[in-house]
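FYI, side chains are in, hydrogens and waters are out, and symmetry mates aren't considered; it's all heavy atoms of this structure. Labels below follow one simple rule: chain letters A, B, ... track the order of the sequence lines, proteins then strands, and each chain is numbered from 1.
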Protein chains: 2
Amino acid sequence: MSIEIRVSPNEGLYLKEPQDSNLGRKIIQHSILLIDEYGFESFTFRKLAAEINSTEASVYRYFENKHLLLLYLVNWYWEWVNALIIINTMNVEDPQKKLRIIIQSLVSASEDNPGVEYVNESNLHNIVIAEGWKTYHTKEVDDDNSKGFFMSYKNLANAVSKVISEIDPDFKYPYTLATSLFEMSKDQIYFAKHLPKLTDISVKENDLKDVEAMLNYFVDKLLKK
Amino acid sequence: MSIEIRVSPNEGLYLKEPQDSNLGRKIIQHSILLIDEYGFESFTFRKLAAEINSTEASVYRYFENKHLLLLYLVNWYWEWVNALIIINTMNVEDPQKKLRIIIQSLVSASEDNPGVEYVNESNLHNIVIAEGWKTYHTKEVDDDNSKGFFMSYKNLANAVSKVISEIDPDFKYPYTLATSLFEMSKDQIYFAKHLPKLTDISVKENDLKDVEAMLNYFVDKLLKK
DNA sequence: CTTATTATGATAGTTTTACTATCTTTTTAA
DNA sequence: TTAAAAAGATAGTAAAACTATCATAATAAG
């Protein structure tokens with residue numbers, strides 16, 4: 001028996017579902033590698049096409065532009081985190097335990113999982129940290145939002161905020177705390193790597209135990225049992 | 001008597017200090033307005049030049065490129081916040097009071113102050129929220145950091161972390177908390193405006209009292225007196 | 001007041017990016 | 001076996017992000 005995890009971002013993000021074809025999967029795989037290596041700005045469909053021995057025109061048949069490709073990848077990532085959380089919290093009743101597992105899942109989502117061969121989760125995690133904000137800090141954010149392009153993240157935030165309210169029904173800002181956990185996790189990892197004066201944690205060779213401990217520390221102080 | 005507040009970002013950011021000439025001040029003033037209105041991506045030196053009846057070449061004599069201009073503006077903003085904090089916490093001894101004033105200064109820094117005619121602080125605040133990320137989420141971050149281009153923000157984080165440690169010397173993550181206060185403030189305001197499902201606060205016609213209350217709520221829970 | 005220097009303006013050119021278009025060849029599925 | 005869908009090859013366009021050069025205007029120094 002084998003369990004196949006298939007994660008599907010919003011339909012409006014692509015012209016043709018890339019996971020359904022060879023070329024599509026190569027686009028996903030190598031765009032992740034290229035964006036992580038060179039950054040989103042210097043990533044172009046031309047370079048991607050060259051890398052996979054295809055053509056610019058062919059890539060454009062899957063994604064209207066590179067912004068939508070990035071949105072697709074980032075949504076894929078949050079769907080992935082969501083899937084991990086669902087699997088790991090199955091049959092766990094205690095909301096406090098649940099939140100610990102959520103934090104642990106959030107952190108471990110950055111480890112490569114061989115289950116999906118065309119996605120390197122570790123590289124994708126780097127992209128979400130370094131480039132993810134580009135998906136929503138645009139002038140088109142309201143438009144994109146109305147098309148459902150941030151659904152994966154919103155669903156996740158909603159699920160986590162519910163667990164927070166279960167632990168402490170009097171806590172005034174469950175959504176703020178949920179999103180802050182995600183954003184802090186990203187920010188503090190990035191700071192640790194590039195602007196270490198801005199954080200107390202350290203991340204050596206992608207060991208994220210400090211991040212996990214830090215998030216748990218904050219949550220424990222904020223939520224009364 | 002009049003107090004002149006002059007805020008100066010790092011020298012490496014410009015080719016010629018824009019605050020020292022008429023054209024330079026017009027560049028600052030109108031780049032803030034244009035970037036806020038149309039977003040950083042569609043902002044170009046050509047459009048800016050047209051707006052101020054100058055030329056692209058002239059703008060390039062002040063800033064090497066638009067990335068450095070954005071860095072300049074964002075640094076200006078954090079210097080400005082820093083100045084407000086210094087003024088407002090003068091002669092305040094109690095660290096808890098200090099932190100409240102810091103939070104209040106952080107929030108009120110977004111109000112336009114007629115003291116500096118060529119800077120609209122309110123528009124600049126929008127830019128820091130919407131585009132500030134672009135200053136440090138780049139492939140050149142380590143380079144830029146080594147040139148001191150993030151000094152203003154780092155100084156601020158350092159100052160705030162010290163106040164945090166004064167309040168609660170046992171708190172494990174003073175730097176993380178300091179930067180999280182800044183980042184949460186930006187994120188949650190942005191979410192309130194564009195992705196309201198991701199936050200509990202609301203920001204109506206730029207009234208930031210919810211943000212201030214939220215930040216104080218978190219701080220109160222996190223730091224034992 | 002004149003002159004040298006510096007600041008700004010006018011204009012043109014280059015490379016790269018982000019597409020769009022069109023036509024041909026290959027693959028796949030009925 | 002054939003038609004239709006997918007992919008490849010190639011070319012073209014508009015705008016952005018500069019770079020370069022020369023002319024003119026403002027200013028400051030002697």
Can you give me every donor-acceptor pair (side chain of residues 26-35 of chain B, partner residue at least two apart or in another chain, under 3.5 Å) with its distance?
from  : atom 1 : to    : atom 2 : distance (Å)
B:H30 : ND1    : B:K26 : O      : 3.2
B:S31 : OG     : B:I27 : O      : 2.7
B:S31 : OG     : B:I28 : O      : 3.0

Quiz prompt | Contact check, side chains of A:F182 and A:V160, non-hydrogen atoms, under 4.5 Å | solution = yes

Quiz item: Below 4.0 angstrom from OP1 or OP2 of C:dA7, is there any side-chain N or O of B:Y62?
Solution: no

Quiz prompt | Sequence-aligned protein contact record of nucleotides 16-29 of chain C, with B where the base is within under 4.0 Å of a protein heavy atom and S where only the sugar-phosphate is | solution = -BBBBBB-------

Practice problem: Would you jot down, in residue-number order, the residues of residues 12-37 of chain A having a non-hydrogen atom under 4.0 Å from DNA chain D? | Solution: A:K16, A:S21, A:L23

Quiz item: Charged N to carboxylate O below 4.0 Å: is that the case for A:K186 and B:E183?
Solution: no

Quiz item: B:K47 and B:F43: side chain to side chain contact (heavy atoms under 4.5 Å, CB included), yes or no, with the steps?
Solution: CA-CA 7 Å; B:K47 287 177 194 165; B:F43 166 83; 5.9 Å; no

Exercise. Mind telling me whether A:F63 and A:Y72 have parallel, tilted or perpendicular rings, with 30° and 60° as the class edges?
Key: perpendicular

Practice problem: Look at B:K66 together with B:E131 and state whether they make a salt bridge at an N to O cut-off of under 4.0 Å. | Solution: no

Quiz item: Within a reach of under 6.0 Å around CD of A:E17, are more than 12 heavy atoms found that belong to other residues, nucleotides or ligands?
Solution: yes

Self-check item: Range on DNA chain D touched by chain A - first to last nucleotide, heavy-atom distance under 4.0 Å
Solution: D:dA6 to D:dG12

Quiz prompt | Residues that A:K147 engages under side-chain contact (heavy atoms from CB on, under 4.5 Å), provided they are two or more places apart | solution = A:D143, A:D144, A:F149

Quiz item: With under 30° as parallel and over 60° as perpendicular, where do the rings of B:Y190 and A:Y136 fit, or are they tilted in between?
Solution: tilted

Quiz item: Looking at residues at least two apart in the chain, or sitting in another chain, which of them share a side-chain contact (heavy atoms from CB on, under 4.5 Å) with B:S58?
Solution: B:L23, B:S54, B:T55, B:R61

Quiz item: What nucleic acid atoms does A:F63 come within less than 4.0 Å of, heavy atoms only: base, sugar-phosphate, or nothing?
Solution: nothing

